[in-house]
2 protein chains.
Amino acid sequence: MSAFDQKKAFILELIGLTSLEVPDSSPKGTIDSLCLPIINVINAHPDMVTTSLCSGRVSVFLEGMKKADTQIGAKGNEGRWLFVTHHPEELPNWYDQVDFVYEEPRPTEDSQRFILFKFEPLILHVKCRDLDTANLLYSTAMGCGFRESGIGSNNIVGIRISIKLDTPIGYLHDEKLVSIVAKSYLELITKLSLDRFTENFRKMESLTRAIELMGKPQKVQVVESKEERRLRKMKEGMARRESVREEKEKKRREKELQNQ
Amino acid sequence: MSAFDQKKAFILELIGLTSLEVPDSSPKGTIDSLCLPIINVINAHPDMVTTSLCSGRVSVFLEGMKKADTQIGAKGNEGRWLFVTHHPEELPNWYDQVDFVYEEPRPTEDSQRFILFKFEPLILHVKCRDLDTANLLYSTAMGCGFRESGIGSNNIVGIRISIKLDTPIGYLHDEKLVSIVAKSYLELITKLSLDRFTENFRKMESLTRAIELMGKPQKVQVVESKEERRLRKMKEGMARRESVREEKEKKRREKELQNQ
């Protein structure tokens with residue numbers, strides 16, 4: 001068994017085990033059912049296996065406490081999700097589930113912990129057996145509009161697209177979750193996220209179909225070299241002359257038979 | 001001259017020609033001066049050449065008119081930039097240059113053309129002579145935190161990071177540019193963009209330094225094989241015995257001279 005096949009068998013076993021009791025490392029803890037068609041198509045291919053995948057989601061995130069070297073929007077230091085969903089039907093009126101206070105924005109301090117509303121599209125990583133497969137998968141993804149895709153180390157292809165929203169909607173103030181935008185604005189970005197979900201799922205479906213076709217043998221157009229053409233023409237000529245000769249011989253024999 | 005060297009010479013000539021009179025295909029039309037250090041470091045490397053680059057920017061964009069198959073935020077059909085800058089110092093009070101009407105958001109239609117405020121970080125594409133160079137550049141970029149990087153076709157490395165803002169701030173209504181967020185909100189996302197510019201330039205500098213070191217020969221730790229060690233020890237022993245012999249010989253001669 002090659003190293004790739006071992007790795008693939010191991011990953012497939014892990015995917016099989018993942019459930020609510022044995023969560024994986026994602027915030028959701030289980031594989032999103034919306035991903036199953038594309039996961040199945042990829043893993044049915046002998047030279048590919050999915051290593052991570054998110055079908056697309058809306059998240060509302062409260063940044064962690066900032067240190068001098070902390071990245072913008074970092075998860076560390078008590079950063080937490082206020083709302084996450086992969087399912088558009090769970091999106092309407094999400095803001096009523098969060099204990100928001102609506103206020104006008106006031107001047108902010110450097111240590112301010114912002115609340116960010118994000119739409120993140122499909123992202124997936126696929127380990128391929130070899131560079132040829134990785135290159136083919138990369139071109140397939142680019143052809144479907146996943147223009148931020150690329151091949152990383154160990155023939156892992158990252159498939160990315162830039163349908164995004166990344167909007168600050170509030171901050172933490174005196175332990176309160178302050179929304180600095182009107183509820184009508186939250187309604188509007190919710191509507192825009194629904195549009196993005198639709199676009200995202202359309203792209204995911206077109207990618208799934210394209211990857212499915214990758215495994216199938218394509219019609220190959222035979223291109224003939226000069227020498228091959230010469231030999232073919234020669235053979236055709238010989239066959240033609242042979243059939244003319246046979247025709248003549250047949251007629252000659254018929255004549256002989258008539259004359260007998 | 002190899003195909004890579006020809007391509008590199010051609011690109012370097014184009015970069016040299018680009019000016020306000022002969023613009024390139026970017027909205028700005030010329031190469032951003034903030035990119036020059038990283039462009040120079042990359043192009044000084046014999047096996048790399050930059051093919052496209054944006055140092056990071058804030059843009060405010062009015063979407064084009066939508067058709068059934070038009071992508072979200074598409075440029076076609078009269079989409080236009082209301083404001084663009086690569087320079088943080090041009091950012092404060094940018095909204096006073098746009099003829100905004102401030103209104104509460106109202107329910108929107110599917111054909112609505114939104115105004116999107118975006119912070120986009122550094123992105124660059126580098127063509128490499130071979131896959132080894134592409135792999136090395138990819139690892140260097142990932143090591144500097146450019147986690148959305150990847151290798152595309154023809155050994156072109158895309159270097160990407162996800163410091164972003166992508167915020168709808170208004171729409172076109174009755175030919176008017178309506179801001180659906182308060183001016184204080186525009187001030188706030190401007191402040192957040194300035195923070196992102198700072199983070200972005202820090203990342204760009206660290207990438208520039210790391211790429212500079214790629215070209216330099218590293219200190220190589222010599223690893224000795226068993227046979228090499230045996231030969232070295234033998235030589236060292238011979239040299240030691242020789243110097244002992246010489247020392248003895250010298251003393252003997254001195255004694256002889258004293259005895260004469």
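As the structure is a prediction and not an experimental result, all values here were calculated from the model.
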Roughly how far apart are [X] [atom1] and [Y] [atom2], rounded to 0.5 Å?
X: A/Ser162; Y: B/Glu120; atom1: OG; atom2: CD; answer: 8.5 Å
X: B/Phe114; Y: A/Ile189; atom1: CZ; atom2: CD1; answer: 11.5 Å
X: A/Ile151; Y: B/Asn155; atom1: CD1; atom2: CG; answer: 9.5 Å

Please classify the contact between [X] and chain A as side chain, backbone, both or neither, with a heavy-atom cut-off of under 4.5 Å.
X: B/Phe119; value: neither
X: B/Leu165; value: both
X: B/Ser139; value: neither
X: B/Tyr138; value: side chain

Quick check on [X] against chain B: is it the side chain, the backbone, both or neither that has a heavy atom closer than 4.5 Å?
X: A/Phe117; answer: neither
X: A/Glu104; answer: side chain
X: A/Lys164; answer: both

Fill in: Donor-acceptor contact below 3.5 Å, side chain A/Tyr185 vs main chain B/Pro168
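Between the backbone of B/Pro168 and the side chain of A/Tyr185 there is a qualifying donor-acceptor contact (under 3.5 Å).
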Item to complete: Look at B/Gln112, B/Met142, B/Glu148 and state which one has the largest set of heavy-atom pairs under 4.5 Å with chain A.
Response: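 Most pairs with chain A among the choices: B/Glu148.
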Practice prompt. Mind ranking B/Pro105, B/Ser149, B/Gly158 by heavy-atom pairs under 4.5 Å with chain A and telling me who comes out on top?
Written response: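 Of the options given, most contacts go to B/Pro105.
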Worksheet entry | For the student: nearest non-hydrogen atoms of A/Asp166 and B/Thr167, plus distance |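 Looking at all heavy atoms of both residues, the closest pair is O-OG1, 3.3 Å.
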Worksheet entry | Nearest heavy-atom neighbours spanning B/Arg147 and A/Arg160 |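 Heavy atoms of B/Arg147 and A/Arg160 come nearest at O-NH1, 4.4 Å.
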Item to complete: Please check if atom CG in A/Asp96 has more than 12 non-hydrogen atoms from other residues, nucleotides or ligands closer than 6.0 Å.
Response: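 Buried by this count: over 12 neighbours within 6.0 Å.
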Discussion item. Could you go through A/Leu131 and B/Leu131, starting from their C-alpha distance and side-chain angles, then the distance that decides it, and tell me whether this counts as side-chain contact (heavy atoms from CB on, under 4.5 Å)?
Written reply: CA-CA 10 Å; A/Leu131 189 59; B/Leu131 188 59; 3.1 Å; yes
